[in-house]
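Below you'll find the structure, written out as structure tokens, and then a few comments.
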Number of protein chains: 2
Amino acid sequence: MAKIQSRRNSTKKEVIIEKASRLFREKGFGAASMRDLAEHVGVEAASLYNHIQSKSEILQTICFKVANEFISNLEVVEASLQPTLKKMETIIRLHIRMMLDQYEYVYIADHEWRHLPEPYLSNFLNQRRNYRKRLSDIIETGIAKGEMKAIDPYTAVLVILSAISGIDSWQRSRKSTNAETLESNMVKYLIEGLKK
Amino acid sequence: MAKIQSRRNSTKKEVIIEKASRLFREKGFGAASMRDLAEHVGVEAASLYNHIQSKSEILQTICFKVANEFISNLEVVEASLQPTLKKMETIIRLHIRMMLDQYEYVYIADHEWRHLPEPYLSNFLNQRRNYRKRLSDIIETGIAKGEMKAIDPYTAVLVILSAISGIDSWQRSRKSTNAETLESNMVKYLIEGLKK
DNA sequence: AAAAAGAGCTAACGACTGTTAGCCAATAAT
DNA sequence: ATTATTGGCTAACAGTCGTTAGCTCTTTTT
């Protein structure tokens, strides 16, 4: 092997993916070109292919990296002994933080998954459906245990996840608002709707 | 003038825009091609230009059509004498209905506005910012009047609008759920978080 | 009947797309 | 010291993109 990493403790592949995530968010996957990406990496377009296999491989990497992170976090919460309302709060806070400090990645997994080629597309959608189902199961349990008010669980999941993913349109307009304030405001609203 | 309308009471331009809205939603603005669109309209790509000026003119038409509809609806609500909580409920129901029966258009205005060329882009974002500000003003008034609980108004607006725009990811997975049920579930959750 | 305009077509332009081939220099492994 | 590998580069392919030019036929207006 020749030199395996550039400056900073990251592979060139990781650099490419990082720059790509920025570009994909700004322009959208379809409108972002490899020559565009190459320029941001500081290399010719063809050279990218020494590190990646294709444009859509980048998208796959990003989407499944995010998906896996959410799923493994959910597993920890599921296994915990918290009451259901607290579980939901934990998950909500986690989503908000992911959104805030891995913004580019989360955004792409949220908005650009459409451009995944099969079979990755189906795979991704299955994981997403499964994830949502498990969240609504928590709420369902919460209602059954009398810890939450009777509300349609899937609607609640939809509202919660959508509200959080909408933070992107906030970021730009109110960079000033600090993260903790945003998080606590948001949790307040979303949890209030679940509380009995 | 030659024949000014095709079958149905719609101009060919309207047909093009309607077909385009479907295509733009499915593939994204960048990935949808004029040849693709032409095929759906039943015509050669070049012939489209007898009715429209450019690809992005279609996007502009869709985005501002939706924006204008929302704004003029808001004006009616603002001018009404309802209590603030009722105003918000009216607006929420209106958004949900727009989302359900003008799905394609609303989706594009929500997700594809990024591809608007300047100066339309700035224009659109200004209108959006203004719209959100006016919603948060209603909530602020509601809090001041003691009709709503003290919550950060802009956070509430963000949660509400994002939650509704997330209905798209619902539609596909639960076509069965009828519109009224969805609407009432959603209103229940979103209004509950505002009520004192 | 003559003129104008609408609305379709084919062909093509120039720019840009993701990607491959093939070459060369530097580094790592033997 | 020699060989192998890595990771750059240039050039190019085959395709697609939005759009225009220029033609023809049909329909409307005068």
Side-chain angles (χ1 to χ4, degrees), chain A residues 1-21 23-24 26-63 108 112 114-118 120-121, chain B residues 1-21 23-24 26-63 108 112 114-118 120-121:
Chain A
M1 297 169 264
K3 68 163 178 241
I4 45 169
Q5 49 185 47
S6 70
R7 78 207 142 85
R8 297 188 312 178
N9 275 8
S10 44
T11 317
K12 194 111 194 186
K13 180 166 185 175
E14 287 168 343
V15 173
I16 291 173
I17 289 172
E18 187 196 312
K19 297 284 185 191
S21 70
L23 208 65
F24 290 176
E26 280 174 354
K27 305 204 168 185
F29 178 78
S33 78
M34 295 303 274
R35 287 171 178 82
D36 221 359
L37 172 57
E39 199 170 346
H40 280 83
V41 177
V43 102
E44 287 299 316
S47 306
L48 294 173
Y49 289 84
N50 287 320
H51 305 276
I52 57 157
Q53 286 209 317
S54 68
K55 189 187 181 187
S56 71
E57 189 213 26
I58 301 177
L59 184 61
Q60 292 159 36
T61 306
I62 294 173
C63 287
I108 290 166
E112 302 292 329
R114 270 166 205 280
H115 300 96
L116 285 170
E118 291 288 3
Y120 302 97
L121 179 58
Chain B
M1 294 171 267
K3 69 163 178 245
I4 45 169
Q5 50 184 46
S6 69
R7 78 208 142 86
R8 296 188 313 180
N9 275 8
S10 45
T11 317
K12 194 110 196 185
K13 180 166 184 175
E14 287 168 342
V15 173
I16 291 174
I17 289 171
E18 187 196 311
K19 297 283 185 192
S21 70
L23 208 64
F24 289 177
E26 279 175 352
K27 305 202 169 187
F29 178 78
S33 78
M34 295 303 274
R35 288 170 178 84
D36 221 359
L37 172 56
E39 199 170 346
H40 280 84
V41 177
V43 101
E44 286 299 317
S47 306
L48 294 173
Y49 289 84
N50 287 320
H51 306 275
I52 56 157
Q53 286 208 315
S54 66
K55 188 187 181 187
S56 72
E57 189 213 25
I58 302 176
L59 184 62
Q60 291 159 35
T61 306
I62 294 173
C63 287
I108 290 166
E112 302 291 329
R114 270 166 206 279
H115 300 96
L116 285 170
E118 289 290 2
Y120 302 97
L121 179 59

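Protein chains get the first letters and strands the later ones, always in sequence-line order, with residue 1 at the start of each.
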Using whole Å, what does the distance between atom P of nucleotide D:dG7 and atom NZ of A:K13 come to? 12 Å
Quick one: A:K27 NZ to C:dC16 P, roughly how many Å, whole number? 11 Å
Between C:dT17 (P) and A:H115 (NE2): distance, integer Å: 15 Å
I need the residues from residues 39-53 of chain B with at least one non-hydrogen atom less than 4.0 Å from DNA chain C; give them sorted by number, or say none. B:V43, B:E44, B:A46, B:S47, B:N50, B:H51
Does A:H51, at its NE2 atom, have more than 12 non-hydrogen atoms belonging to other residues, nucleotides or ligands within less than 6.0 Å? yes
Between B:K12 and C:dG8, is there a side-chain N or O to OP1/OP2 distance below 4.0 Å? yes
Verdict with reasoning, B:E57 to B:K13, per salt bridge (charged side-chain N to carboxylate O under 4.0 Å, His left out): CA-CA 11 Å; B:E57 189 213 25; B:K13 180 166 184 175; 3.4 Å; yes
Atom pair CD1/OG of B:I16 and B:S47 - distance to nearest 0.5 Å: 9.0 Å
A:E118 atom CD, over 12 foreign heavy atoms within 6.0 Å: yes
Do the numbers put B:K55 on top of the ring of B:F29, so that NZ or CZ is under 6.0 Å from the six-membered ring centre and no more than 45° off the axis? yes
A:A31 near the nucleic acid: base, sugar-phosphate alone, or nothing, with a heavy-atom cut-off under 4.0 Å? nothing
Rounded to the nearest 0.5 Å, what separation is found between the CD1 atom of A:I108 and the SG atom of A:C63? 7.5 Å
Find the distance A:I16:CD1 to C:dG18:C1' and express it as a whole number of Å. 15 Å
Nearest-angstrom distance from the residue atom CG of B:L23 to P of D:dG18: 10 Å
How many angstroms lie between atom CD1 of B:I58 and atom CD1 of B:I52, to the nearest 0.5 angstrom? 3.5 Å
Counting just side-chain N and O atoms, does A:K55 come under 4.0 Å of either OP1 or OP2 of C:dT17? no
With sugar-phosphate meaning primed atoms plus P, OP1 and OP2, does B:A32 contact a base, only sugar-phosphate, or nothing at under 4.0 Å between heavy atoms? sugar-phosphate
Roughly, in whole Å, what's the span from CZ in B:R35 to C1' in C:dC9? 14 Å
Here the distance between atom P of D:dT16 and atom CG of B:D36, to the nearest Å, is 11 Å
